[in-house]
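Naming convention: chains lettered A, B, ... in sequence-line order (proteins, then strands); numbering from 1 in each chain.
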Number of protein chains: 2
Amino acid sequence: MTSRRRGAAPVTLKDVAADAGVSVATASQALAGRGRMTDVTRQRVRLSAERLGYRANALARGLRTGRTQALGVHHQSAAASLATAYFRDFLAGAIEAAHRHDHDLVVLSSDTTRPRTSAPRVDGVVVVDPIADDLRARELMEMPVPVVAGEHVPAHMPPCAVVAADHATAVRTVLDAAAAAGARRPLLAAPDENSGWGNLLREVVVAWCAERGTTPVLVSTQFATRSVDTERARLTPVLVAHPEVDLVVGASPFAALGALQVLRALGRTPGGDVLVAACADGQGLREEDPPVTAVELPAHALGAACVERLVSMLDTEGGADAALGTVQTVPAPVHLRASTSGAVGVLR
Amino acid sequence: MTSRRRGAAPVTLKDVAADAGVSVATASQALAGRGRMTDVTRQRVRLSAERLGYRANALARGLRTGRTQALGVHHQSAAASLATAYFRDFLAGAIEAAHRHDHDLVVLSSDTTRPRTSAPRVDGVVVVDPIADDLRARELMEMPVPVVAGEHVPAHMPPCAVVAADHATAVRTVLDAAAAAGARRPLLAAPDENSGWGNLLREVVVAWCAERGTTPVLVSTQFATRSVDTERARLTPVLVAHPEVDLVVGASPFAALGALQVLRALGRTPGGDVLVAACADGQGLREEDPPVTAVELPAHALGAACVERLVSMLDTEGGADAALGTVQTVPAPVHLRASTSGAVGVLR
DNA sequence: GTGAAAGCGCTAACAG
DNA sequence: CTGTTAGCGCTTTCAC
């Protein structure tokens with residue numbers, strides 16, 4: 001039996017070797033299936049190992065081999081973020097993928113008050129939603145460890161491999177749908193330049209407008225803001241000053257919901273004389289009247305894709321360097337709803 | 001600046017020592033704030049470390065000190081379980097607590113098809129919902145590492161410290177409420193003996209009945225079962241055979257919902273001539289007609305409490321051994337709803 | 001005050 | 001075929 005008392009000294013390779021009457025080196029090779037030796041010896045070692053309940057010390061192995069079979073995930077305030085469906089689903093996807101490759105998944109301490117005293121014992125890191133002023137994220141991205149960013153990296157952060165939702169396509173779909181329903185002057189409320197996502201949304205909307213000979217009204221929000229009230233306060237003066245706006249695109253559900261409130265207060269009719277959409281779907285949006293058109297962020301798929309990418313970088317010689325700055329994208333379905341007036345349904 | 005190329009060799013203590021013109025030993029002590037040396041030397045070392053962007057190698061440190069500053073969580077099929085509010089909230093609580101103590105939280109690979117090849121590099125492990133036939137859980141509990149079980153440990157598993165919701169008090173509250181509304185013959189549908197939770201529920205209900213000179217009807221389910229249909233199929237013959245049952249207590253929401261369906265099909269009136277309750281709250285229960293009385297499992301608090309307990313065991317000499325088999329309990333509020341007929345409201 | 005040396009448990013190169 | 005040796009990066013004891 002392998003059952004042993006808690007607190008008993010762990011069984012080391014030395015113990016196994018002694019028990020089997022071979023040297024540690026031979027024992028190591030026997031268990032790893034490497035090296036050349038008689039099958040008898042190998043079996044003897046294996047038996048000893050099993051009988052003693054031997055488990056290799058991952059620390060020692062990692063120190064020697066440089067691989068730990070563990071991957072890290074970082075998200076600013078990971079614990080609080082678990083309350084959001086996005087991070088939760090992302091994490092579930094990441095865990096599934098990591099376990100599929102027999103790696104443990106480490107949720108890295110996101111205490112931002114102090115830097116890490118030691119480098120995390122992981123082979124690579126996924127940084128979810130890298131935000132320029134997140135110190136821990138920056139710290140991780142500067143470490144000599146392969147990093148995959150889940151979502152675009154803002155300027156002034158070290159480059160790394162990126163896996164992101166295909167926001168460009170999705171947002172264009174939304175804009176086209178709104179244009180088909182008559183919209184001409186969009187307003188975009190998106191996170192400021194600390195967010196790569198916000199930057200991308202701005203780029204896309206500006207480009208789309210330019211193609212039509214117009215320019216969007218732009219409002220900056222904070223990535224971490226999770227309140228309809230804040231967004232409403234921010235949008236009110238802008239919408240008052242720009243009565244010509246006939247399409248409000250909010251990055252977050254909160255921005256879209258805030259816009260809805262402001263527009264109604266201004267006597268306008270969402271889904272009628274003004275259209276509204278969000279670049280990230282959320283429960284509240286479906287339940288509004290009118291339901292709000294939104295991009296479905298494929299959180300689960302993104303989490304899995306980030307880990308898959310990381311693993312393949314790890315498995316490829318020089319893979320991490322080759323991946324620097326390259327972007328892999330995951331489709332983001334668009335849910336067209338009544339708030340953009342025209343057609344209704346899902347576009348994948 | 002500390003920014004360095006990806007793939008560049010990590011800065012080791014040796015580099016720092018060389019840069020500061022001292023030995024590795026001195027460098028180590030300087031950074032740890034231990035040892036006796038002039039403040040000048042210490043500062044010089046610290047400066048070098050910072051300038052080079054030194055981060056201690058957690059593997060090497062762990063190998064030497066036996067502490068890794070990381071804790072593990074195990075749950076059978078962790079990834080799939082993230083879909084449940086329970087595990088998600090539990091994990092959030094655990095992560096918060098772990099980060100509070102500056103530990104990383106490792107979601108251990110729950111691939112049950114093969115045993116771990118190496119022991120996880122963690123100082124302690126939380127096993128959520130230990131199930132007797134979960135091989136990985138058993139494996140972890142047999143390792144020479146402190147373990148805290150989140151929920152009661154079934155028979156035939158190694159003993160360990162336990163943190164559990166106070167099901168006994170909660171279920172008695174439910175039973176008393178039902179009795180006050182006239183219920184006399186309870187049926188309990190709970191997971192089989194592989195689940196410590198199921199065992200406890202049975203004990204409590206049997207004891208409660210014994211105090212009233214009766215015995216409950218007992219139905220066994222599987223812990224992993226997450227479907228109303230399965231539960232309905234299981235309950236149908238039993239409820240047909242026992243028309244005298246006037247209170248159905250389901251361990252999971254699924255069992256309670258299944259019971260509701262069966263009872264209605266049999267022409268009975270939940271909340272009227274038969275009462276229904278669940279030992280774990282879930283979204284579906286609140287939305288039923290009548291809404292179903294249920295115990296709120298304090299998942300977040302449990303997750304946090306498990307980690308806190310683990311940390312305190314780690315900090316106490318011999319704390320792990322002392323904790324073996326002891327149970328710490330977390331209050332579980334009871335939501336009395338119309339399905340148990342009488343009073344309605346929350347009891348904490 | 002500071003450095004040299006040993007060793008945590010493991011694996012990889014090279015002897016025998 | 002198997003054992004010996006060296007060393008991953010760090011901490012700790014003990015000399016100097």
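- The line from CZ of A:Arg61 to OG of A:Ser28 is 7.5 Å long, rounded to the nearest 0.5 Å.
- In this entry the distance linking CG of B:Leu63 with C1' of D:dG7 reads 12 Å, nearest Å.
- Here the side chains of A:Asp123 and A:Val311 are not in contact, with every heavy-atom distance at 4.5 Å or above.
- Using a 4.5 Å heavy-atom cutoff, the side chains of A:Ser110 and A:Arg136 are not in contact.
- Between A:Leu31 atom CG and C:dT11 atom P there is a gap of 8 Å when expressed in whole angstrom units.
- The side chain of B:Ser28 places an N or O atom within less than 4.0 Å of a non-bridging phosphate oxygen (OP1 or OP2) of D:dT11.
- Residue B:Arg34 places at least one side-chain N or O under 4.0 Å from the OP1 or OP2 atom of D:dT12.
- In this structure, A:Val24 and B:Arg36 both approach DNA chain C, and ranking their closest nucleotides by distance from the 5' end singles out B:Arg36.
- Between the P atom of D:dG3 and the CZ atom of A:Arg42 lies a distance of 13 Å, rounded to the nearest Å.
- Rounded to an integer number of Å, the gap from CD of A:Gln29 to P of C:dC14 is 13 Å.
- Checked for salt-bridge contact, A:Arg116 and B:Asp104 meet the test: a charged N lies under 4.0 Å from a carboxylate O.
- Of the two residues contacting DNA chain D, namely B:Asn57 and A:Val22, the nearest-nucleotide position lying further toward the 5' end is that of A:Val22.
- Nearest nucleotide to the side chain of B:Ser23, out of C:dG1, C:dA4, C:dC10: C:dA4.
- Protein atom CD of B:Gln43 is 13 Å distant from nucleotide atom P of C:dT2, rounded to whole Å.
- The side chain of B:Arg61 places an N or O atom within less than 4.0 Å of a non-bridging phosphate oxygen (OP1 or OP2) of D:dT11.
- In this structure, A:Arg64 atom CZ and C:dT11 atom C1' are separated by 5 Å, rounded to whole Å.
- Within the structure, a side-chain polar atom (N or O) of B:Thr41 is placed less than 4.0 Å from OP1 or OP2 of C:dT2.
- Looking at heavy-atom distances under 4.0 Å, A:Ala32 makes no contact with the nucleic acid at all.
- Going from atom NZ of A:Lys14 over to atom C1' of D:dG3 covers 16 Å, rounded to whole Å.
- Checking the phosphate oxygens (OP1, OP2) of C:dT2, a side-chain nitrogen or oxygen of B:Thr38 falls inside 4.0 Å.
- Rounded to whole Å, the distance from CD on B:Gln69 to P on D:dC10 is 16 Å.
- Of the candidates B:Arg51, B:Arg44, B:Lys14, B:Arg46, B:Asp19 forms a salt bridge (charged side-chain N to carboxylate O under 4.0 Å, His left out) with just one, namely B:Arg51.
- Applying the 4.0 Å criterion to OP1 and OP2 of D:dT2, one finds that A:Thr26 has every side-chain N and O outside that range.
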